[in-house]
Every structure is written in structure tokens, then in C-alpha cells.
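Notes follow the structure.
Numbers here are sequence positions counted from 1. Fair warning: this is a prediction, and the values are worked out from it, not measured in the lab.
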Amino acid sequence: MRKLAFVIGAVVLLLIGGGLTSQLMSSGGEALLPFITQTNVPDASTLETAPWQAEQLVMFVGFILFNLIGMAATIAIVLWLLHRGVKQARSSETAVTTGGTE
């Protein structure tokens, strides 16, 4: 039941996003939410970007996300290995102390 609710929620979220995008594109300049428009003349307005500027922004955000995910994965692997070492050390310590008292 939880999986079904998750799938339905994801579909509803996608439909809302598609509807919002459709509304933004059809309303022209009178949109509920502002969005950045592209132009071939970068000196036209501070609110409009040239296509290469938008491309650079998307590449920059992707680069930052890629590096953050890589750092998080590296830290997770290191901490997992350290925790595994601690568990092995504790189990061998327990075996040594119980073996010596018998």
C-alpha cells in the first residue's frame, strides 16, 4: 500500500510540475512565478540570459552536485570501513578476554 501511495504521489507531483510549466510557457510575461527567459542579446536585460549563460549555469550546478555526491560517497565508505574495523577489534578483544578466563 505504501508503494502505491508513493507512486501516486510521484505521478501527482509530475502532473503538477507539467501543469505549472505549461502555464508559465503559455502566459508569456504575466506568470504567477517568474522564470528566466533566454535571448541572443545578453545586454538586453539583467533578467534575461543568453543561451550559453544558461548552459554554463546548468553545467556549474551539475558539477557542484556531482562533487558533493562524490564526497558524500567517499566519506560514507571510509566511515563504513572504520566501523567494520572497530567491530572486528571488539569481537577479537571479547574472544581474547573470554578465552583467558577459562
Side-chain angles (χ1 to χ4, degrees):
M1 190 65 182
R2 289 180 126 183
K3 290 182 182 180
L4 181 62
F6 178 75
V7 170
I8 290 173
V11 169
V12 167
L13 185 65
L14 288 172
L15 287 172
I16 290 171
L20 183 61
T21 302
S22 175
Q23 180 186 10
L24 287 173
M25 297 306 288
S26 67
S27 66
E30 302 173 9
L32 285 174
L33 299 173
F35 62 98
I36 297 175
T37 57
Q38 292 184 358
T39 181
N40 289 329
V41 184
D43 296 331
S45 173
T46 57
L47 298 177
E48 294 183 358
T49 62
W52 68 269
Q53 291 172 328
E55 178 185 353
Q56 292 291 319
L57 177 65
V58 169
M59 287 181 2
F60 178 70
V61 170
F63 176 76
I64 295 296
L65 285 175
F66 181 77
N67 283 318
L68 286 175
I69 291 169
M71 284 187 289
T74 303
I75 290 171
I77 290 169
V78 167
L79 289 178
W80 178 74
L81 289 171
L82 288 174
H83 180 68
R84 190 176 75 165
V86 168
K87 284 174 61 176
Q88 287 177 352
R90 285 185 182 161
S91 66
S92 66
E93 178 183 305
T94 306
V96 168
T97 57
T98 56
T101 57
E102 291 182 344

Share the residues that join Leu14 in a hydrophobic cluster, the rule being Ile, Leu, Val, Met, Phe, Trp or Tyr side chains under 4.5 Å apart at the heavy-atom level. none
What pairs of donor and acceptor atoms, side-chain ones from residues 60-68 against any protein atom, are under 3.5 angstrom apart with sequence neighbours left out?
from: Asn67; atom 1: ND2; to: Phe63; atom 2: O; distance (Å): 3.2

Return all side-chain donor-acceptor pairs below 3.5 angstrom for residues 74-86, not counting sequence neighbours, or 'none' if the list is empty.
from: Thr74; atom 1: OG1; to: Gly70; atom 2: O; distance (Å): 2.8

